[in-house]
Amino acid sequence: MNDPTPHETDPELGALEPQRAELRRSLGLQADRVRGLPLSRLERAVEGAGSPADAVRAAAQALADLAADAEGEPRRELPRVGTHGLGDQLAVVGADVVRFGDAAALAAAQEVVAAVRRAL
């Protein structure tokens, strides 16, 4: 049996369910968008900036850091996955923020996801 998540046992964190649902929705949309883009588009650098793939990698790391902080774990560098796996990586680390994040982490994660949207 799975251990209950913090928001299932802490009424204050459970009150954040609307924010969790919105982050879950936003993450799903952007992860699907990343999965659906041609690899050539994701890897193409934009003048004055990196590629969209670089932006997604940075976002995934930022979400992983938020999740680690929320879980009281040390931050770790994410493995560098191929461009074709970036949508899944974004979804997985984002799900950890949805599960464990407090109000501040959820708000910060929404900003990260918005940055992904702009980069794509």
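Side-chain atoms are counted along with the backbone in the values below, which use heavy atoms only and exclude waters and symmetry mates.
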Please name all residues satisfying side chain to side chain contact (heavy atoms under 4.5 Å, CB included) with Gln19, sequence neighbours left out, ordered by chain then number.
Leu16, Leu106

State which residues pass side chain to side chain contact (heavy atoms under 4.5 Å, CB included) with Pro38; sequence neighbours excluded, sorted by chain then number.
Ser40, Arg41

Return the CD to CD distance between Glu77 and Gln61, rounded to the nearest 0.5 Å.
6.0 Å

Could you tell me which residues satisfy salt bridge (Lys or Arg N to Asp or Glu O under 4.0 Å) with Asp54, sequence neighbours excluded, listed by chain and number?
none

So do the side chains of Val113 and Leu29 get within less than 4.5 Å of each other, counting heavy atoms only?
no

Shortest non-hydrogen pair, Leu27 vs Ala95, comes out as CD1-N, 4.2 Å

Please tell me if the side chains of Pro79 and Gln89 come closer than 4.5 Å, counting only heavy atoms from C-beta onward.
yes

Applying side-chain hydrogen bond (donor to acceptor under 3.5 Å, both in side chains) to Arg44 and not counting sequence neighbours gives none

Under the rule for side chain to side chain contact (heavy atoms under 4.5 Å, CB included), what residues qualify as partners of Arg117, not counting sequence neighbours?
Gln30, Arg33, Ala114

Please examine the side chains of Leu23 and Arg20, heavy atoms only from C-beta on, and report whether any two atoms are closer than 4.5 Å.
no

When rounded to the nearest 0.5 Å, the distance separating CD of Glu43 from NE2 of His84 is 10.5 Å

Set of side chain to side chain contact (heavy atoms under 4.5 Å, CB included) partners for Glu71, sequence neighbours left out:
Ala67, Glu73, Asp96, Phe100

